[in-house]
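Order of listing sets the numbers, starting from 1, for every ligand and every atom in it.
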Amino acid sequence: MKVTIIYGTDNGNTRDIATQIASEFDGKLIEISSANSSDFEDCDLLILGTSTCGYGDLQPDWDSRLSVLKEASLSGKKVALFGLGDQITYADTFVDAMGLLYDEVAEQGASVVGATPTTGYDFFSSLAVRDEKFVGLALDVDNQSSETDERITSWVAQLKAQEVLYQLES
Ligand SMILES: Cc1cc2nc3c(=O)[nH]c(=O)nc-3n(C[C@H](O)[C@H](O)[C@H](O)COP(=O)(O)O)c2cc1C
């Protein structure tokens with residue numbers, strides 16, 4: 001399975017996580033500031049990562065490169081999302097940017113995989129919660145760094161299991 005991970009980061013936290021996820025999949029790691037539309041297309045599983053900045057905003061590099069994502073042909077593409085945030089300081093906008101990316105790729109017809117439960121987190125509201133689940137992997141390295149490795153391991157296992165099922169079905 002060819003996996004590409006495209007991420008945007010302010011201070012490097014999302015890069016660290018993206019690097020960890022890439023090594024689990026032996027995937028290709030690309031920063032959004034240098035990605036082009038074909039990078040989004042040329043893989044079996046596309047993983048997109050962003051931190052939430054400002055007050056519930058996309059990481060700025062993602063924001064300024066949204067046109068590249070919009071130009072990509074994502075219809076039917078399997079996409080998984082991860083987002084970094086801070087549930088204590090930003091309890092009203094926790095990992096909102098992951099929800100914003102979700103809206104973008106869903107609008108383009110992508111098949112989003114890798115939703116996760118909200119148990120174990122403590123926040124008031126998040127654009128990344130749909131049908132009572134996060135649309136992807138939510139990480140809070142500011143307040144729950146000890147949970148991070150286990151959350152990544154279990155999410156990666158979930159994505160790999162889904163891929164096996166998909167291969168068996170097709
Ligand atoms: C100025 C500022 C604004 C932030 N706004 C939010 C926010 O609205 N929601 C949230 O969940 N996290 C917010 N965060 C937390 C970051 O998303 C978090 O620290 C993340 O790990 C940063 O990752 P990065 O270094 O890859 O950008 C904010 C952090 C800063 C410094």
Ligand 1 to Asn11, heavy atom cutoff 4.0 Å, flagged ligand atoms 24 (P), 25 (O), 27 (O)

Heavy-atom distances under 4.0 Å decide this one: backbone, side chain, both or neither, for Asp57 against ligand 1?
neither

For Gly54 versus Tyr90, what's the shortest heavy-atom pair and its separation?
O-CE2, 3.9 Å

Centroid-centroid distance, Phe123 to Phe134, less than 6.0 Å
yes

Atom 9 (N) of ligand 1: which protein heavy atom is closest, and how many Å away?
Thr93 O, 3.0 Å

Within the structure provided, determine whether Lys28 and Asp39 are in side-chain contact (heavy-atom separation under 4.5 Å).
yes

Which of the numbered atoms in ligand 1 are under 4.0 angstrom from any heavy atom belonging to Gly12?
25 (O)

Heteroatom distance test (Val95, ligand 1): nitrogen or oxygen, under 3.5 angstrom
yes

Pick, from Thr9, Leu139, Asn13, Ile88, the option with the minimum heavy-atom distance to atom 22 (C) of ligand 1.
Asn13

Going by the closest heavy atom to atom 6 (C) of ligand 1, which one wins out of Tyr90, Phe123, Tyr55?
Tyr90

Just need the protein heavy atom nearest to atom 12 (N) of ligand 1, so name the residue and atom and give the distance.
Asp86 N, 3.1 Å

Can you name the atoms of ligand 1, numbered from 1 with element, that are less than 4.0 Å from a heavy atom of Val141?
21 (O)

Using distance alone, decide if ligand 1 has a nitrogen or oxygen within less than 3.5 Å of any nitrogen or oxygen in Gln59.
no

Under 4.0 Å from a heavy atom of Gly85: which atoms of ligand 1 are those, numbered in the order shown and with their elements?
10 (C), 11 (O), 12 (N), 17 (O)

Any heavy-atom pair between the side chains of Met98 and Thr52 that's under 4.5 Å?
no

Nearest heavy-atom neighbours spanning Leu159 and Gly114:
CD2-CA, 3.8 Å

Pick one of side chain, backbone, both or neither for how Cys53 approaches ligand 1, counting any non-hydrogen atom pair under 4.0 Å.
backbone

Need the ligand 1 atom indices (1-based, order shown) with element for anything under 4.0 Å from a heavy-atom of Phe94.
11 (O)

How close do Trp155 and Leu81 get, counting heavy atoms only, and between which atoms?
CZ2-O, 3.2 Å

Phe94 side chain reached by Asp92 side chain, heavy atoms, under 4.5 Å
no

Using a strict cut-off of 4.0 Å, indicate which atoms of ligand 1 neighbour a heavy atom of Asp142.
18 (C), 19 (O), 21 (O)

Nearest protein heavy atom with distance in Å, relative to atom 17 (O) of ligand 1:
Thr52 O, 2.7 Å

If you measure only the distance, is there a donor-acceptor pair under 3.5 Å linking the side chains of Gln87 and Asp140?
yes

How long is the span from the CD atom in Gln59 to the OG1 atom in Thr14, to the nearest 0.5 Å?
7.0 Å

Short check: is a protein heavy atom less than 4.0 Å from atom 15 (C) of ligand 1?
yes

If the cut-off is 4.0 Å to any non-hydrogen atom of Gly56, which atoms of ligand 1 fall inside it?
7 (C), 8 (O)

What residue and atom, counting heavy atoms only, is the protein's closest point to atom 5 (N) of ligand 1, and at what distance?
Gly54 O, 2.7 Å

Phe25 six-ring face occupied by Lys160 cation (under 6.0 Å, within 45°):
yes

Taking all heavy atoms of Val95 and all of Gly83, pick out the closest pair and write down the distance.
CG1-O, 3.6 Å

Using every non-hydrogen atom in the two residues, find where Asp42 and Thr4 come nearest and quote the distance to one decimal.
O-OG1, 4.1 Å

Using a 4.0 Å cutoff against the non-hydrogen atoms of Ser51, which atoms of ligand 1 qualify?
17 (O), 22 (C), 23 (O), 24 (P), 26 (O), 27 (O)

